[in-house]
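Worksheet: one structure, shown below.
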Amino acid sequence: KREELYVKLAGLNLTRLKEEHFCKIVDFLPKNIEELKVVLLSYPLSLSKKDQESIAAVVQEFCLK
């Protein structure tokens with residue numbers, strides 16, 4: 001299941017995110033933007049609100065399965 005979520009996140013084609021970011025998201029499963037910000041806080045990374053919403057939406061959809 002982890003690989004399936006990883007593939008979906010990578011499929012968003014967010015150029016600023018690297019493998020380590022995807023792994024951290026898969027580990028913590030942030031279901032909203034606030035949780036996502038906490039997960040990525042330790043990285044010098046800025047994402048647009050639209051990108052943050054799309055990541056949270058993919059994680060939420062995945063968790064509902």
Side-chain angles (χ1 to χ4, degrees):
K1 281 192 146 189
R2 292 172 56 93
E3 287 126 16
E4 183 182 338
L5 178 57
Y6 184 95
V7 169
K8 283 188 176 189
L9 289 170
L12 293 174
N13 295 322
L14 303 174
T15 56
R16 293 178 182 242
L17 292 181
K18 296 183 168 97
E19 181 179 350
E20 62 188 280
H21 303 124
F22 292 131
C23 290
K24 197 62 95 167
I25 292 168
V26 170
D27 286 344
F28 288 98
L29 297 173
K31 294 174 189 70
N32 58 46
I33 293 175
E34 295 305 315
E35 290 177 5
L36 178 64
K37 287 180 182 179
V38 171
V39 169
L40 298 177
L41 191 64
S42 63
Y43 300 104
L45 179 69
S46 63
L47 292 171
S48 70
K49 184 133 177 115
K50 180 182 171 192
D51 290 347
Q52 293 175 10
E53 289 170 349
S54 61
I55 292 168
V58 167
V59 172
Q60 271 187 331
E61 173 190 323
F62 188 79
C63 289
L64 293 176
K65 288 185 176 182

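Reckoned from all heavy atoms, side chains included, excluding hydrogens, waters and symmetry mates.
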Identify all side-chain donor-acceptor contacts of residues 17-29 below 3.5 Å with residues at least two apart in sequence or on another chain.
residue	atom	partner	partner atom	Å
His21	ND1	Lys18	N	2.8
Asp27	OD1	Arg2	NH1	3.2
Asp27	OD1	Arg2	NH2	2.7

Interatomic spacing from [atom1] in [X] to [atom2] in [Y] - rounded to 0.5 Å:
X     : Y     : atom1 : atom2 : answer
Glu35 : Leu40 : CD    : CG    : 12.0 Å
Gln52 : Glu34 : CD    : CD    : 8.5 Å
Leu36 : Ser54 : CG    : OG    : 9.0 Å
Lys37 : Asn32 : NZ    : CG    : 10.0 Å

Are Leu45 and Ile33 grouped together when hydrophobic residues (ILVMFWY) are joined by side-chain heavy atoms under 4.5 angstrom apart? no
